[in-house]
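Just so it is clear, the structure is predicted and the values come from calculations on it, not from any experiment. Lettering of chains follows the sequences in order, A, B, ..., and the numbering in each one begins at 1.
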Amino acid sequence: MTHPVDPEWPLYEIFVRGRRGLNHVHVGSLHAADDEMAVRNARDVYTRRNEGVSIWAVRADAIAASSPDEKDPFFAPAADKVYRHPTFHRVPDDVPHM
Amino acid sequence: MTDEARVAEFEATIARHDRIEPRDWMPEAYRATVVRQVAQHAHSEVIGMQPEGAWITRAPSLRRKATLLAKVQDEAGHGLYLYSACETLGVSRAQLTEKLIEGRQKYSSIFNYPTLSFADVGTIGWLVDGAAICNQVPLCRTSYGPYGRAMIRICKEESFHQRQGFELLLTMMRGTDEQRAMVQESVDRFWWPALMMFGPPDAESPNTAQSMAWGIKRDTNDELRQKFVDMTVPQAERLGVTLPDPDLRWNAERGHHDFGQPDWDEFATVVRGGGPCNAQRIDHRRRAHEDGAWVRTAASAFAARQREEVAS
Amino acid sequence: MHDDDHQSVYDGLTGGDESRWAFGAGLEAPDDALAGVGAPVPVGVDPHALATYCLMLGDDALVHSHRLSQWCSNAPDLEEDIALANVALDLLGQARLLLARAAVVDPGVVPVLPAGSPVPDEDALAFFRDAAEFRNVRLVEGENGDFAVTVARMLLFATHRLAVLQRLTASADPVLAAIAAKGVKEVAYHRDHAARWCVTLALGTEESRRRVVAGLERVWPFRDELSRTTPVEATAAAQGFGVDPGSVSDEVEAVLDQVLAASGLERPALPPVGEVAGGAGRDGRHTEAMGLLLAEMQVVARAHPLGRW
C-alpha cells in the first residue's frame, strides 16, 4: 500500500432503465471508488433500491461526447417506501395550497 | 468566435428563457454566481440534515421515525444532486465541502436555530420546507440547465416533506393540551426565522438584480415572502395555531396579507456566524468529514489495487 | 413569473407529464405498512411463544436500526449516509411488522397504557417496555464506534439474520413467512454491503485494516448469543413457525469464513462475552448501553402516554 492514493472518488454518470420497454435514461451522477460501488450507490441514491430496474454506471471521464465536458443530470423520484409518498400523509382536502 | 459574439449568444439564450448547458460558453461572473448559489443550496441540504436528524432516535412513534429518517435521507440525496450540478461547472464536492467547513461558503441561516421539541420536526416541514418550496419552485426554470433539473426532483420531494410536516402538526393538534402547546411554542420560534429565509428586503439585497437579469433567480425576496405569507395564513387557521405577528392581517385593497418585518439585526448576526447553532453545525459537519477520511481513502486504495491486479 | 405557479405550487412542478421520469413518479401510495398482520394464529401454534419469538426478531431489528440511524449525517460520505439509512429503514420496517404481529397473536405482551391512550400496539411495545422486557441480542445494542465496528456488526448480524429469514419463509405462521420473504431480499443486501466493506477496509490501507480487525474483535464475542437456542426458539422450531438458530450455524460460519478469506483476515480468537445471572439479551439481561439507548428512544413517547403522533 505504498502507492499514492487520491482520496477523492471519481465521478460516475448513472443511467437507469425504469422498466422493460424503456431506454436507459440519464438520472444524475455520483462518486464511487470503483465500478462495483458506483452501481451499488446508484441503486441506493437514484432508485432507493427498487427491484427490477437496470442501472448503468459509467465513469464520467470515459464518456465520449460531441461536447467533451457535457454532463447532463436529470432526476427522477423514488418509489418504494410508503412514507416517501404524499398520500401516505393524509392532509384534509380543505387545507389550502397543499 | 469573438468574445462579443459569445456574449451576444449567451445573452440571447437567456433572453429567450432557454437553458445554459455545461458546455456552453458563459461569462465568468455567471459561472461564479451559479456555483455560489448551487453550492450554498447544496450545503443547506446537508447541514439541514442535522436539526431534524437529531430527533430520529427520539421520534415517539415508529411510523414517524421511518418518515423522519427517510426525509433526512432525502436531504442527503438533495445535497448530492446539487453537488453534482456544481461539478458540471468544474468544482468538486471535496472542494466545496472544504469551503463549507472553513466558513468560506454559506448555507441557509434557518439551520442555525436549534430543534427543541419533537413538534419542531413538523414545523420545519410545514414552515421551513414550505418557505424553501416558494424559493425553489421558480428555480426549476432557472437558466442553468443542471441546476433546474436537480430542482425538479428536489421540489417534488420537498412538497411531500411539507405535507408530512403539516400532517404531523395536525395530528398533534388533535392530541393532548400539552401537544397543542408544544406545536404553538414551536411555531412561535420558527415563524420569524422562516420569513428570514427569503433573504433581506429587496432594497438591501445586492445580488438580486444581476441574478434576475441572468435568470438564475426569478422572483425578488419580498415577492416570495409575500407569497409564502399568503399561502401560510389559511393553513395556520386550519391547523388552529396563531402566527406570532400582531401586524398580520388581510389587506383587501392589495389582495395580500400585511405583515410585520422580522428582526433583520438578528438575521445579520446569524449570517455573520452569531446564531445559536452556527459553530455546532459546522463542527458536526467537519467531524463527519474528517472521521470519514480514512474510509474514503481506504476505498480509493482498494480500487487502485484492484485495477493494478486486473492490469497485471 | 407566472401567477399560476403559486396558485398550486406543487401541481405546477412537472406540468402533470409523468412520462419524463425514468421510472414513473410513483406517487400512488402502496398499501398500509402493517396490512395483513392480523391473520389468525395457526392451529398447533402456541400464541405466547409466537409473540415472544416475534419480539426477539423485532427487537433485534429495532435496536440495530436505532444504532444505524445514528449514522445519519455522520457517515463517511453522502452516498454511504444514504446506504446506511436504507438499511436502517429496512430493519425498522421489519421491526414494525414483527411487533405488530406479536401484539395481534398475544395481546398480553403489550404494555398497558392509561385508558383512552391512542398509542398503537407497535408503539406501546417499542416505547413503553423497559430494557428487561426487550428480547434483542446484546450484539446490536452497543455504541456504534467507528465505521469499521458498524461494518463488522452488520456483517455478523445480517449473515445470521439472512440464514434465519430464508428458513422462516416456510414458517407455519403465514404472517411470519410473508415478513421473512420480504426481509430476505433486504437483508441479503445488508450482508452484501457489509461484506464488501469488510473486504475493502481489510485490503484498503494499513489504517483501515487495523480498524476493521479491531472492529471485528469488538463485536465477535457477542456472536454466540445469536446461535444459542432459547426455550422459546426450541418451541418455535418444534411447532414449525420458527427456526432453531443453532441449525443455521454451519451456514453462517461458512459465509463468514468466505468473507474473512477474501479479506485476508483471521477469525478473532476471543471467548464469548459472559452472561448475567445465567442469561443474556434474549432473557432481557442486556448491556449498560441498552438503558441509555432506550432512555433516548422512549423519552418523548413516555412523556405523552396519551399523545397522538
Where [X] and [Y] come nearest, the two heavy atoms and their spacing:
| X | Y | value |
| --- | --- | --- |
| B/Q73 | C/I82 | NE2-O, 2.9 Å |
| B/W294 | C/E207 | CB-OE1, 3.4 Å |
| C/F127 | B/P60 | CE1-O, 3.4 Å |
| B/A298 | C/T205 | CA-CG2, 3.9 Å |
| B/R296 | C/D77 | CD-CB, 4.3 Å |
| B/T171 | C/W309 | CG2-C, 3.5 Å |

Heavy-atom cut-off 4.5 Å, strictly under: side chain, backbone, both or neither for [X] against chain C?
| X | result |
| --- | --- |
| B/L62 | both |
| B/A59 | backbone |
| B/R285 | neither |

May I ask you to check whether over 12 heavy atoms, not counting those of C/E143, lie within 6.0 Å of atom CD? no
May I ask you to name which of C/L92, C/D146, C/L84, C/L99 has the most heavy-atom pairs under 4.5 Å with chain B? C/L92
Output the option from C/R211, C/E80, C/H66, C/M297 having the highest count of non-hydrogen pairs under 4.5 Å with chain B. C/R211
Treating B/E178 as the side-chain partner and C/H304 as the backbone partner, does any N or O pair qualify as donor plus acceptor under 3.5 Å? no
Within this structure, what is the [atom1]-[atom2] distance for the pair [X] and [Y], rounded to the nearest 0.5 Å?
| X | Y | atom1 | atom2 | result |
| --- | --- | --- | --- | --- |
| C/L306 | B/T176 | CG | OG1 | 7.0 Å |
| B/I56 | C/S69 | CD1 | OG | 6.0 Å |
| C/E79 | B/L80 | CD | CG | 4.5 Å |
| B/M49 | C/L78 | CE | CG | 7.0 Å |
| C/E122 | B/R63 | CD | CZ | 9.5 Å |

Show the numbers, then the answer: is there a side chain to side chain contact (heavy atoms under 4.5 Å, CB included) between B/R287 and C/N74? CA-CA 8 Å; B/R287 183 171 36 72; C/N74 292 299; 3.5 Å; yes
Side chain, backbone, both or neither: which part of C/W71 has a heavy atom under 4.5 Å from chain B? neither
Donor + acceptor pair across side chains of B/H284, C/S73 (<3.5 Å): yes
Among the options B/E290, B/Q50, B/Q179, B/R93, pick out the one with the most heavy-atom pairs lying under 4.5 Å from chain C. B/Q179
